[in-house]
Amino acid sequence: MKTEVKEWMLVFLIFIFFAGSANAQTAMINVQARKTTSLNGKWTVIIDPIGVGEGKQVWQEKKSQKKTDFVEYSFEGGPELQVPGDFNSQLCELTYFEGTVWYKKQFNYSVKADKRLFLHFGAVNYLADVYLNGEKLGSHEGGFTPFQFEITGKVKDGSNTIVVKVDNKRLGNGLPGTGYDWFNYGGITRDVDLIETNETFVEDYFIQLKKGSLNTVSGWVKLNGNKLKQDIVVKIPEQNLEYRTKTDKEGWAKLEFNSAFKLWSPEKPKLYKVMVESETDTVADEIGFRSVEVQGNKVLLNNKEIFLKAVNIHEENPSKAARAYTAEDAGMLLNAAKELGCNLVRLVHYPHNENMVKQAERMGIMVWDELPVYQHIQFSDSLVPQKLETMLNEMVRRDKNRCGVAIWCLSNETYPGTPNRNEALIELTQKCRALDSTRLIVHVINTHGYNNNTFKVWDPLYNYSELIAINEYVGWYKPWQGKPSETKWDVVCPDKPVFISEFGGEAKYGSNEGPGDEAAYWTEEYQQQIYVNQIEMFGSTPNLCGVCPWLLFDYRSLKRMNQVYQNGYNRKGLLSEHGEKKRAWYIVHEYYKRK
Ligand code: GCB
């Protein structure tokens, strides 16, 4: 019993210890259920392409004091940008901008004596320095996860000003690093909220089925404040369930209770209203219960084998050519996945906004959450291990109560020869397992060879991945070397389930002017044939537990410079950026209907 208690306490302590880089705090969870004041809307900005704002101390908003004074910057009269939203798609001069933009927002507030106030950011890409009334609150690194600052005692009665320095310059030792195949949308890309709480509040909780069980919930609650010893009740009214416990002097309570739940599944995505009540706070959530595990070479959902009919999705509204963030954006992307016949969305290559995760769960679509650990990460840089851990903590902390999230993906296409890569990612896997033992943990690899119509699937990381997740682009980056159905597989862990996490090829919607059997014409026929061949190969792929086409919509990428067919878009979508169905879409749709 004693060691058990230590383990679950450790999980939370890890969350706290690695709270955001520099001094942002790890965000409290379930913001939507709290008392919030939105700071979304127009923010005034100063664009700072050469980075002079730091020296001029823009956050001080100096004004000239006497006739001979002048101040060489001003938010006043500057352009305004919509928050949330990327800056690149809002002003022409920012289209390809990678650098600093200073944001300013004025707000009025009055905090009552017994309340606390937090300033919460859903995400800022990539570095954020945050100032309140000229005083620095702290910094955060990482473009896709939430962070917050407590501003109790700092916020003034009446008018206050927030200034945020946002910098989306690529960093060699950043996550991701400098080279990636998607658009680097910068800015305050997700919601900004003030959150008012009581002095002691429910900061965090973990309520999910225990690994391997269909009716036992195992988890914990953590309070934040001065009155840490309290009575706790977890209520699930629909089950007539009221589970009572007490927090200890550190504000911790362990939970464990049984109930005959209707399980969440793609066919019946059942969610329950769950209330976590302390003497000083109540937080309501919608939580589903399901089990997901690997047994032998199969993936089981609620103890039944499931074939993962997936699709890759970037966080982009393709028709607006902008970062996706609203519930409407999420609905558009997820409806398209549903229409294709998917039961899983792989949200690449970074944690997407909460609207995506929550809406997918409501629609009965499982979610694959992924860290921005992509290709050329500098694993031997002394700062990288800490950044990896911070981002892992922020992602897991935010989404751990979402039963729709079935998979934590910790890396995509990193290379075994990169110094310190194996050590760093093995350690990260262990840390992820310590935070949450209930979901599958996966690494995606593309380092296999393909010769003599044989895939050599090897990588030391596969020993630490519950799925053999393979990105292969046979038919596009490499020509077929034999009959697809006769493809052979030489897999390093031959007993694990195999998931084809990326495959496909490019086509421009409506392109049928060149020969359909030549890649250089980006024809729909060529792409369609890749899918026909791939599906033929899947028929004889050992241990296949699912497939995931690259990808749903064409998306923006500055790497894609063919002026005739690409125009700055990666054209591997089954749908064009306007949602038009390419021929390959029908092939996948048909395949998913059969599976
Ligand atoms: C990959 C990457 C994905 C790329 C894709 C492509 O292997 O994981 O991010 O964009 O290939 O289109 O080449």
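Both ligands and their constituent atoms are indexed starting at 1 by order of listing. Index from 1, following the sequence.
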Subset of ligand 1 atoms that lie under 4.0 Å from at least one heavy atom of [X]:
| X | result |
| --- | --- |
| Tyr477 | 6 (C), 12 (O), 13 (O) |
| Asn412 | 8 (O) |
| Asn471 | 7 (O), 8 (O) |
| Asp181 | 4 (C), 6 (C), 10 (O), 12 (O) |
| Lys572 | 6 (C), 12 (O), 13 (O) |
| Glu413 | 1 (C), 2 (C), 7 (O), 8 (O) |

Among Asn184, Asp181, Asn570, which residue meets the side chain to side chain donor-acceptor pair (under 3.5 Å) test with Ser557?
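Testing Ser557 for a side chain to side chain donor-acceptor pair (under 3.5 Å) against Asn184, Asp181, Asn570 leaves exactly one candidate, Asp181.
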Check: [X]/[Y] side-chain N/O donor and acceptor closer than 3.5 Å:
| X | Y | result |
| --- | --- | --- |
| Arg556 | Asn88 | no |
| Thr189 | Arg323 | no |
| Asn471 | Asn446 | no |

Does [X] have a non-hydrogen atom less than 4.0 Å from ligand 1?
| X | result |
| --- | --- |
| Trp476 | no |
| Tyr374 | yes |
| Tyr555 | yes |
| Tyr180 | no |
| Arg560 | yes |
| Asn446 | no |

Going through the distances and angles, do Thr523 and Asn512 end up as a side chain to side chain donor-acceptor pair (under 3.5 Å)?
CA-CA 5 Å; Thr523 61; Asn512 45 28; over 6 Å; no
Relative to the ring of Tyr526, is the ring of Trp476 parallel (under 30°), tilted (30 to 60°) or perpendicular (over 60°)?
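Taking Tyr526 first and then Trp476, their aromatic rings stand perpendicular (interplane angle over 60°).
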4.5 Å side-chain heavy-atom contact, Met363 and Asn335:
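Yes, close enough: below the 4.5 Å cut-off.
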Could you tell me if the side chain of Pro351 sits less than 4.5 Å from the side chain of Asp399, heavy atoms only?
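Not in contact.
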Atom 1 (C) of ligand 1: which protein heavy atom is closest, and how many Å away?
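Checking every protein heavy atom, the shortest distance to atom 1 (C) of ligand 1 gives Glu502 OE1, 2.8 Å.
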So which heavy atom in the protein is nearest atom 9 (O) of ligand 1, and how far is it from that ligand atom?
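I find the closest protein heavy atom is His349 NE2, 2.7 Å.
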Only one of Tyr185, Tyr555, Tyr180 forms a ring pair (Phe, Tyr, Trp, His ring centres under 6.0 Å) with His314, so which one is it?
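Running ring pair (Phe, Tyr, Trp, His ring centres under 6.0 Å) over Tyr185, Tyr555, Tyr180 with His314 returns exactly one hit, Tyr555.
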Taking distance alone, with no angle check, do Gln375 and ligand 1 share an N/O pair under 3.5 Å?
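Between Gln375 and ligand 1 (N or O atoms, distance only) the closest approach is not under 3.5 Å.
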